[in-house]
Each structure stands twice: as structure tokens, then as C-alpha cells.
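My questions all concern the structure below.
By convention in this document, chain letters (A, B, ...) are assigned in the order of the sequence lines, proteins followed by strands, and residues within each chain are numbered from 1. Only a predicted model underlies this, so the values are computations on that prediction, with no experimental measurement involved.
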2 protein chains.
Amino acid sequence: MIGIVGTRSRRHGEWAEHATAELRRAGHRSGGARAAVIDLMAAQACCLTAQEVFDGLRAEGRVVGIASIYRALDLLARLGLVRRLDVGSASGYEPALPSGHHHHHVVCDRCGKVSSFEDPALEDAIDRLSRRLAHTVAEHDVVLRGACPDCRP
Amino acid sequence: MIGIVGTRSRRHGEWAEHATAELRRAGHRSGGARAAVIDLMAAQACCLTAQEVFDGLRAEGRVVGIASIYRALDLLARLGLVRRLDVGSASGYEPALPSGHHHHHVVCDRCGKVSSFEDPALEDAIDRLSRRLAHTVAEHDVVLRGACPDCRP
DNA sequence: GTCAGTGCAAAGCTTTTGCAGCGCG
DNA sequence: CGCGCTGCAAAAGCTTTGCACTGAC
């Protein structure tokens with residue numbers, strides 16, 4: 001595995017502060033549910049579904065309505081603070097780290113487990129490509145699929 | 001726009017025959033609904049949702065139950081004959097052309113329109129990367145997002 | 001004749017929305 | 001003390017499943 005994503009906790013701690021500040025700056029009040037979602041998201045290395053956020057919070061004893069979780073994640077996504085990843089039946093959400101620390105995903109087509117990787121050469125190819133398209137490309141996602149080491153025959 | 005996908009009709013005509021043959025080879029009988037789905041898919045340059053297939057067939061007067069469309073697309077996807085693309089709330093499906101003729105997608109984040117492009121350099125970066133991962137990578141999708149020419153300010 | 005393929009309707013999941021009440025600022 | 005945030009419940013997609021029937025082989 002190349003480009004394993006490290007130094008997670010520091011970056012993500014900064015992310016929680018940043019997200020909270022951006023919300024305030026955009027004129028939003030602070031409430032318990034949204035703060036709980038941000039706390040939990042800040043502790044994640046990779047993407048979580050809304051249901052997983054719900055379950056994770058309940059496991060901590062912080063019971064939050066699932067609707068509030070969707071509303072919080074949607075707002076964070078619209079402010080560019082989380083990335084939404086469509087892979088399968090439910091969307092995944094993860095903290096959007098500062099540019100240059102993108103990562104992408106490999107999904108095991110047997111067990112469904114999602115892992116992440118970073119690859120500068122891939123980012124580079126996408127950057128070059130983006131400049132040549134007629135669209136004003138703002139973001140990108142790469143999803144690879146295949147058997148993970150545990151599932152390989 | 002680079003790498004515009006051309007020579008669609010010939011490749012796709014071949015695709016319909018290939019798909020039909022593969023289904024037979026896998027022991028499936030031929031039925032009206034599935035044949036209609038294959039016909040319609042063969043005429044597509046880019047991805048369609050199940051609902052769009054349903055509407056398209058109805059427009060031709062070939063009324064097919066939506067459940068049969070989902071079943072046909074699911075079977076074709078499991079045989080590797082169509083690719084399923086998760087981008088937004090509904091899945092898109094498109095004919096899987098022979099290796100080397102992959103294309104990927106740009107989604108306009110304003111109007112939602114999906115366009116396609118090909119880029120050998122990108123394929124190359126993904127191939128190299130795939131060889132270095134612990135997974136046995138079988139396929140990949142790249143989705144770019146940004147304003148399309150019509151929607152740009 | 002057998003069993004895969006099909007259509008309809010119902011169920012299942014994920015996500016969104018309406019609404020009443022609470023609480024931040 | 002107004003309006004945004006929240007929870008609950010209902011509704012709204014998208015997709016799958018159960019079942020009876022038709023039709024391919």
C-alpha cells in the first residue's frame with residue numbers, strides 16, 4: 001500500500017475547529033446535534049455513512065436524530081467542509097482536508113470494505129486533464145474496485 | 001474536450017451481439033424484456049438510469065416492467081457487460097466496451113449534466129498505481145465535478 | 001413439461017420534508 | 001424573544017423481492 005494516510009489526529013483536530021469556525025462565519029448557530037456530528041467526523045480516517053454516524057454517536061451515548069445527521073452532513077458538504085462519496089447504495093462522508101491531501105478509495109468487490117490511498121502521479125494526471133477540459137473542474141473522485149488482500153483466492 | 005468518444009454505433013452494435021451471446025453462454029434464456037434493454041443500451045453513448053431506460057423503451061412503445069429493467073441491468077453488470085456508475089441519487093448504467101476504450105465522466109455541479117472523456121495519461125497513471133496496491137484492482141471509475149461551459153458564469 | 005423470464009404490487013432502504021418545541025444569540 | 005436547530009414521524013425517491021403467469025427450450 002502506498003501513500004498511507006498518516007498524522008490523522010492533528011489534521012482532523014484542526015479540521016473540527018475549522019469547520020466550526022466556518023459554520024459560524026456563514027451565520028449558523030451552534031447546536032448539539034451538529035457539534036456531535038463534527039466531533040465524530042473529526043475522528044474518522046475514511047468515509048462514514050449517515051447511518052454509521054448515527055450508530056457511532058449512539059454508542060457514545062449522544063443520541064441524535066438521523067434527520068439532524070443528514071442535515072448536518074448536507075450543510076457541511078455544501079460549505080465544502082466534507083466530501084460526499086457515492087459508492088454503492090448509501091453515500092459516504094468524510095472530512096475535506098486541505099488541498100494537496102486528497103485521498104481516494106479502493107472498494108473490495110467481495111467484502112465491500114473501503115480503503116484509501118494517496119498518489120501524487122494520479123493527482124497530477126487529473127490536474128493536467130482538468131485544464132484541458134471545457135468544464136471548470138472543481139473536484140474529482142477516483143474509485144478502484146477489486147479483491148482486497150483478505151478476500152483474494 | 002479531448003478524447004471525444006467516436007465510432008459509437010459500430011462498437012455498440014458489436015456490444016449488443018456480444019452481450020446476447022454471453023448471456024446465452026452463461027445459460028440464460030432469451031426473453032423480450034432483457035432483449036429490449038440490450039437494444040436500448042446498445043444505442044447509448046453514455047450512462048442511463050434505470051428510469052431513463054424505462055422511459056426510453058416506453059417511448060418506443062416497448063413497455064417493460066421497471067423490475068425487469070433492474071433485473072436485466074443487474075445481471076448484465078454481474079457478467080461485466082455493463083458498468084454501473086454511482087453518481088448522485090440514482091445509479092447509471094452503460095455498455096462496458098472492451099478494455100482500452102474506457103471513458104470517464106464529468107458531472108456539471110449546476111445542471112447535473114453528465115459528459116464523458118477519454119485520457120490515456122490518466123489510464124496510465126491508474127494502471128501504474130493499481131499494480132502497487134495490495135488489492136487486485138479489477139476496474140476503476142473517475143468522476144470529475146465542475147461547471148460545464150453552458151453553466152459557467 | 002419444466003423452469004427461467006416477466007409484470008405487478010408490496011416491501012425495504014436511504015434520504016428528505018413538515019411541524020412543533022427548544023434554546024442560542 | 002425571534003429564528004435557527006432539533007427530533008419525530010411521515011413522505012418521497014430508488015431498488016429489491018414475492019408471487020403468479022407466460023413463454024423459451
Inset, instruction - Round to a whole Å and report the spacing from CG of Asp55(A) to P of dC13(C). - result: 14 Å

Inset, instruction - Tell me which of Gly31(A) and Thr49(B) sits closer to the 5' end of DNA chain D, going by the nucleotide each one is nearest to. - result: Gly31(A)

Inset, instruction - Measure the distance from CG on Leu75(A) to C1' on dT6(D) and round it to the nearest whole Å. - result: 14 Å

Legend entry - Arg29(A) side-chain proximity, nearest of dG23(C), dG7(C), dT16(D): dG23(C)

Inset, instruction - Select from Ser89(B) and Arg24(B) the residue whose nearest nucleotide in DNA chain D is closer to the 5' end of that strand. - result: Ser89(B)

Legend entry - Arg34(A) side chain, from C-beta outward: closest of dA4(C), dC5(D), dG7(C): dC5(D)

Inset, instruction - Check whether any side-chain N or O of Trp15(B) sits under 3.5 Å from a backbone N or O of Val82(B) as a donor-acceptor pair, and report yes or no. - result: no

Legend entry - Side-chain N or O of Ser68(B) closer than 4.0 Å to phosphate OP1/OP2 of dG7(C): yes

Inset, instruction - Could you verify whether a donor N or O on one side chain and an acceptor N or O on the other, from Glu118(A) and His104(A), lie under 3.5 Å apart? - result: no

Legend entry - Rounded distance in Å - CZ (Arg58(A)) to C1' (dG7(D)): 15 Å

Inset, instruction - Tell me what Gly32(B) touches on the nucleic acid: a base, only sugar-phosphate, or nothing, going by heavy atoms under 4.0 Å. - result: sugar-phosphate

Legend entry - Donor-acceptor pair, side chain of Ser130(A) and main chain of Ile126(A), under 3.5 angstrom: yes

Inset, instruction - State which of dT6(C), dT14(C), dT15(D) makes the closest approach to the side chain of Ala33(B). - result: dT6(C)

Inset, instruction - Answer yes or no: is there a donor N or O on one side and an acceptor on the other, between the side chain of Arg34(B) and the main chain of Arg29(B), under 3.5 Å? - result: yes

Inset, instruction - May I ask you to say what Ser91(A) touches in the nucleic acid, namely base, sugar-phosphate or nothing, with a heavy-atom cut-off under 4.0 Å? - result: sugar-phosphate

Inset, instruction - Let me know, please, whether Gly27(B) or Ile69(B) comes out on the 5' side of the other along DNA chain C by nearest nucleotide. - result: Gly27(B)

Inset, instruction - Give the rounded distance in Å between these two atoms: CZ of Arg62(B) and C1' of dT6(C). - result: 14 Å

Inset, instruction - Classify the side chain of Arg71(B) versus the base of dG7(C) as yes if they form a donor-acceptor pair under 3.5 Å and no if they do not. - result: yes

Legend entry - Leu129(A) side chain near Leu144(B) side chain, heavy-atom distance below 4.5 Å: yes

Inset, instruction - On DNA chain C, check which nucleotide each of Ala67(B) and His28(B) is closest to and give me the residue with the more 5' one. - result: His28(B)

Inset, instruction - Mind calculating the distance between CD1 (Ile66(A)) and P (dA10(D)) to the nearest angstrom? - result: 17 Å

Inset, instruction - Please state how far atom CG in Asp74(B) lies from atom C1' in dT16(D), giving the value in whole angstrom units. - result: 9 Å

Legend entry - Presence of Tyr70(B) side-chain N/O under 4.0 Å of dT16(D) phosphate oxygens OP1/OP2: no

Legend entry - Integer-rounded Å distance: dT15(C) P and Leu48(A) CG: 13 Å

Inset, instruction - Mind calculating the distance between CD (Glu52(B)) and C1' (dC14(D)) to the nearest angstrom? - result: 13 Å

